[in-house]
Every structure is written in C-alpha cells, then in structure tokens.
Amino acid sequence: MSLLQAQTPSHMMTTLCPTFSSHASPPSNISSVYVSMKTHQENSLFSTSRNGPISLSPLPRRLLCRPPKGKYIRDDYLVKKLSAQEIQDLVRGERTVPILIDFYATWCGPCILMAQELEMLAVEYEKNVIIVKVDTDDEYEFARDMQVRGLPTLFFISPDPNKDAIRTEGLIPIQMMRDIINKEM
C-alpha cells in the first residue's frame, strides 16, 4: 500500500479526483496528486466562495419562477400607498371614519404578512375605515418624525379629535385590529 492510499480513503480519491477510479492505483507521489486535484478544481464541479462551496452543480441555476420585482403595492390593492403630505392632509381634513396608517418597508417580512391582513380588513370594513400605507424608505423624515422605530408600525386615528391615536409595533393579529377599530375608535 502506498503512502497516499494509507492517508486518503479510496472513496475520497474518487470524489476529489475523478481521474482516479476505484480500479486504478493512484499516483505514487503526492505532488502529482496535488496537480490532479488542482486541475480538477479548475474544471470544477464546485463553485466556491470564501465561506466554502456554494453549488455542487457545474450548470447554471434555473429558477422555478421569476422573483417578484419588489413592487409591494399594486394598483388593484385596496390599501393605497400615500406620501407624507397626503397623509397629513388626510389626518387634518374632515372625516367620519377612523384612519389606519401602516408604516412598512418593502424588505420587511412581517410587513408583507401584515399587508395580507390589512387587505382582508379593507374588504371587511370597506367604507367604514380608511386604511393607507407609508413606505418608510421613501418617506424617511416623516417616519422619523412619527417616531417609527420598528416595522410594521400601525397608527389608529379616531375621527373624534379628542381621542388619542393608538400605536402598535410589530405584527399583530387581525382580531386585535378589529378590536381596536370596533371598541377604541
């Protein structure tokens, strides 16, 4: 048995150097093994990064579906995205229904989950609540002025000017939103 065979199991040599087969004997000196392994790595089945292998396939990755383009609000959504000035005009104006303002970001996972709940709430309450969104990346100063620290942040604003706004941070269940709208507004 050669020195290389004693140090490396045969299944490792087959995996690392496809030029070796289980029937053929490996080269007798270590430098030729290094050259074979280096040649193999250059023709590689492995894509590597600083942290190790990324892909074991020499083929490019195929996507099963196209990733979303990052468009978080579409025209057919019931909950509309408004600018800071539009929100301020809406809050200062005359209204008979509560306003629910959602501060979100397109990269925020809980915000996406909250968006689904807000769409269901918009269908349920239809004309009885105004539900709007503010993108904190687009309206950074407004979010800072409103002291938005965590996402998603919801503001429930009553049509009664004597009542204080109710603020929640983080993902909350749809039933809690219903309770705030029905009992606190």
Side-chain angles (χ1 to χ4, degrees), residues 44 46-57 59-185:
S44 182
F46 299 97
S47 298
T48 58
S49 71
R50 290 175 35 197
N51 297 331
I54 296 172
S55 174
L56 296 176
S57 173
L59 303 174
R61 290 185 183 198
R62 289 185 335 165
L63 297 176
L64 298 176
C65 65
R66 290 181 172 229
K69 298 279 185 191
K71 193 166 183 182
Y72 186 66
I73 300 295
R74 296 191 333 210
D75 294 335
D76 60 341
Y77 285 171
L78 296 174
V79 180
K80 301 297 181 193
K81 175 182 167 186
L82 298 181
S83 68
Q85 186 60 46
E86 292 170 326
I87 294 287
Q88 291 172 1
D89 293 342
L90 182 65
V91 170
R92 289 184 187 133
E94 290 291 320
R95 65 185 181 285
T96 57
V97 296
I99 299 174
L100 173 56
I101 304 171
D102 174 29
F103 285 87
Y104 77 99
T106 56
W107 47 263
C108 168
C111 297
I112 294 169
L113 296 174
M114 183 72 82
Q116 296 169 355
E117 291 182 354
L118 291 175
E119 284 295 317
M120 290 189 291
L121 211 60
V123 169
E124 188 176 328
Y125 282 93
E126 205 169 341
K127 304 284 183 195
N128 298 325
V129 176
I130 298 171
I131 304 174
V132 293
K133 296 182 149 307
V134 176
D135 188 346
T136 56
D137 291 332
D138 294 343
E139 301 291 341
Y140 174 76
E141 289 84 16
F142 181 56
R144 185 193 61 214
D145 293 343
M146 296 297 292
Q147 298 178 356
V148 173
R149 302 281 186 253
L151 295 176
T153 295
L154 298 178
F155 282 91
F156 296 85
I157 301 172
S158 175
D160 182 5
N162 297 326
K163 288 188 175 180
D164 291 334
I166 297 173
R167 171 194 175 121
T168 65
E169 285 188 16
L171 185 62
I172 62 171
I174 193 168
Q175 186 57 46
M176 184 182 286
M177 289 187 268
R178 287 185 191 119
D179 291 342
I180 292 173
I181 292 169
N182 294 335
K183 298 174 183 172
E184 305 295 328
M185 298 285 117

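The structure displayed is predicted, hence computed values, not measured ones.
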If only atom types and distance count, is the side chain of Arg178 paired as donor or acceptor with the main-chain N or O of Ile174 below 3.5 Å?
no
State the CD1-CD distance between Ile131 and Glu117, to the nearest 0.5 angstrom.
11.5 Å
Is the closest side-chain heavy-atom distance between Leu100 and Tyr125 below 4.5 Å?
no
Check Ala115 against Lys133 and note the closest heavy-atom contact, atom names and distance.
CB-NZ, 4.0 Å
Do Pro98 and Ser158 come close enough that some side-chain heavy atom pair is under 4.5 Å?
no
CD1 of Ile99 to CE of Met185, rounded to nearest 0.5 Å, is 10.5 Å
Min side-chain heavy-atom separation Glu139-Ile87 under 4.5 Å
no
CG/Leu118 to SG/Cys111 distance, rounded to the nearest 0.5 angstrom?
10.0 Å
Distance check, rounded to the nearest 0.5 Å: Leu171 atom CG versus Ile112 atom CD1?
11.5 Å
Taking CE in Met176 as the centre, count heavy atoms belonging to other residues, nucleotides or ligands within less than 6.0 Å. Is the count above 12?
no
Can you confirm whether Leu90 sits close enough to Ile101 that some side-chain heavy atom of one is under 4.5 Å from a side-chain heavy atom of the other?
no
Report the C-alpha separation of Lys127 and Val97 in whole Å, then their side-chain angles, then the decisive distance to 0.1 Å, and conclude whether the side-chain contact (heavy atoms from CB on, under 4.5 Å) test is met.
CA-CA 8 Å; Lys127 304 284 183 195; Val97 296; over 6 Å; no
Supply the atom-to-atom distance Tyr104 OH to Asp138 CG, rounded to the nearest 0.5 angstrom.
7.0 Å
Taking the inter-plane angle between the rings of Phe155 and Phe103 on a 0 to 90° scale, is it parallel (under 30°), tilted (30 to 60°) or perpendicular (over 60°)?
perpendicular
Closest non-hydrogen atom pair between Asp135 and Ala105, with its separation
OD1-CA, 4.0 Å
Of all heavy-atom pairs between Ala143 and Thr136, which one has the smallest distance, and what is that distance?
CB-CG2, 3.9 Å
Min side-chain heavy-atom separation Glu119-Gln116 under 4.5 Å
no
Is there a side-chain contact between Leu121 and Val129, using heavy atoms and a 4.5 Å cut-off?
no
So do the side chains of Met177 and Met114 get within less than 4.5 Å of each other, counting heavy atoms only?
yes
With heavy-atom distances below 4.5 Å as the criterion, would you say the side chains of Thr153 and Met146 are in contact?
no
Interatomic spacing from CD1 in Ile181 to NZ in Lys183 - rounded to 0.5 Å:
12.5 Å
Which atom names give the shortest non-hydrogen contact between Arg167 and Arg149, and what distance separates them?
NH2-N, 4.0 Å
